[in-house]
Amino acid sequence: MSSPNPSSKKRKADELLLDAAESERETCSTSSIMPPRLPATTWGDILDFMPYHEVRSALLISKAIANDAVQYVRTLNVFKGTEMNVPSARARFVNVESVNILCFIEYVYISRAGTSTSTALSSDVASRIIPFLSAFPKLKQVLVGGYKIVGRIGRKRVYHRNTNTIDLPNLIRGDGENRRLVGGLVDAFCGAFKTMMIPRDIDLIGLSIPLSAIMQCELARRRNSPPCAGCRGVCANFPLNSVYSMELCISDKGRFGIMANRPGGREYLRSKAPDRLTMFFRDVIGSGNVPPEDTDEARSLWQRLQQQGCDMSKLLVSGIQFISDRSFVELDKLIAYGFAPDAVTREQLYHIFSIGHYESRDYDVWIKSSFDRLVSRGFDLDGRDVVLLDELREPALEWSDHDGDFDVFGDGSDY
């Protein structure tokens, strides 16, 4: 029986080691190139959070991503103007709904001790935005923003939904070149919306700023002067949600009138009725003084109010509620624009008027004519929840409607 050859054993061991090493190299090489095996929808969700240049690199690495996952990409985050290539975007990202332009603004802030604050708006990026956005037929949301470089270490902070709308006006105020650049971009958006290159119903974030500080509207803001052409163009063409929130040289009367005549405008204004009418009523509800108990008529009124559940100590503070004739004229204009009374629930109305909000359920006191006029316009109010005083039949009340004290639109103009 022959003994094993030591040299043969060594050769076999070397071969096994070589095979193992080769296998490990292949595994490492494959894992460094091939992405993990994930469903295409999951890859689409991952790509939504990646910078655009990294998304494009991922398409080159993996056929699975390039062929399958790309159709599930819904968001692009653009950090460089040179990435805004229309043919490649149109060919690959047909289902994109949200585009974040994060390279228009660069705001550098070092520190108080260190020094410098500077702002740069990219004219190159501004010229590319509209053509690039036109590549996405399913576009629903656009953010025009940028980033801050904060501190000496150069940490970047991206402008998001909140910070960009707050900071941009301060960054461009007083800078003529930047103002012209933003004004030109606003004009370009107006043209794109007017020609339907970009859908008019998108959610446009980042340009909902005081355009009156940018569009050279100073002369138009004089009392009873017509608004500038730029702000009229914004009202006529920008998305309704942007027009509603923008600060323009055109008054609210003119703004709502233009919005009401646009397709879908009245429906949009109706959706805003609770917020707008809340602001209106907070501005126009008047408070009349309760007469002192120095006459028989006044003492009789006090007694009847107490019998109906009124806390007179609170009533002396809150007063008797009413709305002036002029305010009803303004209210009728709001209703005509589309701010429908029936779009406001009773719960919302009672919150506005503070009806029944006291724990003791003390009643509010209203002048009957004001309350009845609200009910006749369609507001869901119930006279049993308040105490109504007929000013024409209450000898204790020396009532006068202080007509003309209120201008809910704030400017007294017709535009």
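Start at 1 with the first residue, then count along the sequence. These numbers come from the heavy atoms of this one structure, side chains and all, not from hydrogens, waters or symmetry mates.
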With the side chain counted from C-beta on, respond yes when [X] and [Y] share a heavy-atom pair under 4.5 Å apart, and no when they do not.
| X | Y | answer |
| --- | --- | --- |
| L331 | R373 | no |
| Y244 | M259 | yes |
| R393 | K368 | no |
| I101 | M84 | yes |
| E394 | E297 | no |
| R255 | C235 | yes |
| D382 | Y350 | yes |
| V284 | F328 | no |

TODO: Report the C-alpha separation of F136 and F93 in whole Å, then their side-chain angles, then the decisive distance to 0.1 Å, and conclude whether the side-chain contact (heavy atoms from CB on, under 4.5 Å) test is met.
DONE: CA-CA 7 Å; F136 308 105; F93 301 100; 4.1 Å; yes

Task: is_close_aromatic(F193, F238), centroid dist under 6.0 Å - done: yes

Open item on the list: For F353 together with F379, are the ring centres under 6.0 Å from each other?
Closed with: no

Task: Which residues share a side chain to side chain donor-acceptor pair (under 3.5 Å) with N237, sequence neighbours left out - done: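 Partners of N237 under the side chain to side chain donor-acceptor pair (under 3.5 Å) test: R200.
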
Task: Residues forming a side chain to side chain donor-acceptor pair (under 3.5 Å) with R377, sequence neighbours excluded - done: D332

[atom1] of [X] to [atom2] of [Y]: how many Å apart, nearest 0.5 Å?
| X | Y | atom1 | atom2 | answer |
| --- | --- | --- | --- | --- |
| Q348 | D380 | CD | CG | 10.5 Å |
| L389 | R304 | CG | CZ | 7.5 Å |
| F132 | N85 | CZ | CG | 8.5 Å |
| S242 | I205 | OG | CD1 | 9.0 Å |
| T75 | L143 | OG1 | CG | 11.0 Å |
| T82 | Y52 | OG1 | OH | 11.0 Å |

Task: F339 and F256 aromatic ring geometry - parallel, tilted or perpendicular at 30°/60° bounds - done: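 Perpendicular: the ring planes of F256 and F339 meet at over 60°.
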
- [ ] Start with the C-alpha distance between E347 and H351, add both sets of side-chain angles, then the distance that settles side-chain contact (heavy atoms from CB on, under 4.5 Å), and finish with yes or no.
- [x] CA-CA 6 Å; E347 182 180 2; H351 180 76; 5.9 Å; no

TODO: Using the side-chain contact (heavy atoms from CB on, under 4.5 Å) rule, take Y72 and D45 through it: C-alpha gap first, then chi angles, then the decisive distance, then the call.
DONE: CA-CA 7 Å; Y72 296 103; D45 292 338; over 6 Å; no

Judged by atom type as modelled, is there a donor-acceptor pair below 3.5 Å linking the side chain of [X] to the main-chain atoms of [Y]?
| X | Y | value |
| --- | --- | --- |
| N77 | D48 | yes |
| S300 | D296 | no |
| R266 | A336 | yes |
| N100 | L102 | no |

Open item on the list: Does the Lys NZ or Arg CZ of R276 fall within the cation-pi geometry relative to F280 - under 6.0 Å from the ring centre and within 45° of the axis?
Closed with: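 Cation-pi check for R276 and F280: fails.
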
Open item on the list: Show every salt bridge (charged side-chain N to carboxylate O under 4.0 Å, His left out) that has at least one partner inside residues 121-147, sequence neighbours left out.
Closed with: E97-K140, D124-R128

Task: N-O pairing of D187 and K194 below 4.0 Å - done: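 Result for this pair is no, no salt bridge flagged.
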
Open item on the list: So if I apply the side-chain contact (heavy atoms from CB on, under 4.5 Å) rule between V70 and each of L59, V96, V94, which one comes out positive?
Closed with: L59

Write down the atom of [X], the atom of [Y], and the distance for their closest heavy-atom approach.
| X | Y | value |
| --- | --- | --- |
| L334 | L277 | CD1-CD2, 4.2 Å |
| C190 | V234 | SG-N, 3.8 Å |
| C103 | S122 | O-CB, 3.9 Å |
| I335 | P341 | CD1-CG, 3.7 Å |
| L204 | P239 | CB-CG, 4.5 Å |
| P51 | F79 | CB-CD1, 3.9 Å |

- [ ] Kindly determine whether I258 and V243 satisfy side-chain contact (heavy atoms from CB on, under 4.5 Å), including the steps that lead there.
- [x] CA-CA 10 Å; I258 293 173; V243 176; over 6 Å; no

- [ ] Return yes when atom CE of M312 has more than 12 non-hydrogen atoms of other residues, nucleotides or ligands closer than 6.0 Å, and no otherwise.
- [x]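 Counting other residues, nucleotides and ligands, CE of M312 exceeds 12 neighbours.
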
- [ ] Return yes if a side-chain donor-acceptor contact under 3.5 Å exists between Q321 and S370, otherwise no.
- [x]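 Judged by distance alone, the side chains do not pair up.
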
